[in-house]
Amino acid sequence: MRITNQTTDRAVLLEIGQRAISVRIDRNWTQAELAHEAGVSKRTVERFEAGHSVQLSSLIRVCRALGLLSAFDALIPLPAASPIELLKLQGKKRQRASKRSPSQSSRSASPEKEAGADQKTSQPPQTHSTEPWQWGEDS
């Protein structure tokens, strides 16, 4: 049976109980074994499987023992954040690069960019060799 909004409470309880019986039998457990694994009384398992109302904490324990607890995520999903909330969580997006100190720029700048910066601020390094000077050489 498919559970819908039009299904009565009693019918929902019966259907959930029947589904729990199927899972328990697939695991080859008796009601007493399920009760022991769940930490509830055998009478609670009997009532649950018969479609009677049980405490929510007992339902959670039985579902955990049967390996069905993760299905509660589908039952009551986390609310999705609104687009406005997502924008607030993101914070301000950067629109331009920040100014770096000379020590940072010399490590990350490309040789072409660095050459332009060196011409403005200092003379190119002097070499004692007859070979032409190249970037990355230490003298």
Undergrad: Quick check: closest heavy atoms across Asn28 and Glu33, and the distance to 0.1 Å?
TA: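 Distance-wise, the nearest heavy atoms are O-OE1, 3.7 Å.
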
Undergrad: Give the minimum heavy-atom separation between Ala74 and Pro77, together with the two atoms involved.
TA: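 Taking every non-hydrogen atom into account, O-CD, 3.8 Å.
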
Undergrad: Could you give the distance from CD (Glu49) to OG1 (Thr44), rounded to the nearest 0.5 Å?
TA: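 Answer rounded to 0.5 Å: 11.5 Å.
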
Undergrad: Over all heavy atoms of both residues, which pair between Trp29 and Glu37 is shortest? Give the atoms and the distance, please.
TA: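 Answer, listing the atom of Trp29 first, then Glu37: CH2-CG, 3.9 Å.
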
Undergrad: If you look only at distance, which donor and acceptor atoms sit under 3.5 Å apart when one is on a side chain in residues 9-16 and the other is two or more places apart or in another chain?
TA:
| from | atom 1 | to | atom 2 | distance (Å) |
| --- | --- | --- | --- | --- |
| Arg10 | NH1 | Gly51 | O | 2.6 |
| Glu15 | OE2 | Arg19 | NE | 2.9 |

Undergrad: Please find the pair of heavy atoms, one from Leu69 and one from Arg64, that lie closest to each other, and give the distance.
TA: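 Closest approach of Leu69 to Arg64: CD2-NH2, 3.3 Å.
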
Undergrad: With a 3.5 Å distance limit and no angle check, can you tell me whether Arg24 reaches the backbone of Leu66 through a side-chain donor-acceptor pair?
TA: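 Judged by distance alone, no pair lies under 3.5 Å.
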
Undergrad: Would you sort out whether Thr7 and Met1 count as a side chain to side chain contact (heavy atoms under 4.5 Å, CB included), showing the intermediate values?
TA: CA-CA 10 Å; Thr7 309; Met1 168 176 122; 3.4 Å; yes

Undergrad: Okay, side chain of Arg47, backbone of Ser53: is any donor-acceptor separation there less than 3.5 Å?
TA: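 Yes, the answer is positive, given that a donor and an acceptor are paired below the 3.5 Å cut-off.
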
Undergrad: Supply the members, apart from Ile21, of the Ile/Leu/Val/Met/Phe/Trp/Tyr cluster built from side-chain contacts under 4.5 Å; use none for a lone residue.
TA: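 When side chains under 4.5 Å apart are linked, the cluster holding Ile21 also contains Ile25.
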
Undergrad: Identify whether Leu78 and Phe72 are in the same connected component of the hydrophobic contact network (ILVMFWY, side-chain heavy atoms under 4.5 Å).
TA: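 No, separate clusters.
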
Undergrad: Using every non-hydrogen atom in the two residues, find where Leu59 and Phe48 come nearest and quote the distance to one decimal.
TA: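 Scanning both residues, the minimum pair turns out to be CD1-CE1, 3.4 Å.
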
Undergrad: Quick one: CZ on Arg43 to CD on Gln31, what's the gap to the nearest 0.5 Å?
TA: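 Nearest 0.5 Å value for the CZ-CD distance: 10.0 Å.
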
Undergrad: Do Arg61 side-chain atoms and Gly39 backbone N/O form a donor-acceptor pair below 3.5 Å?
TA: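 Judged by distance alone, yes, a pair lies under 3.5 Å.
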
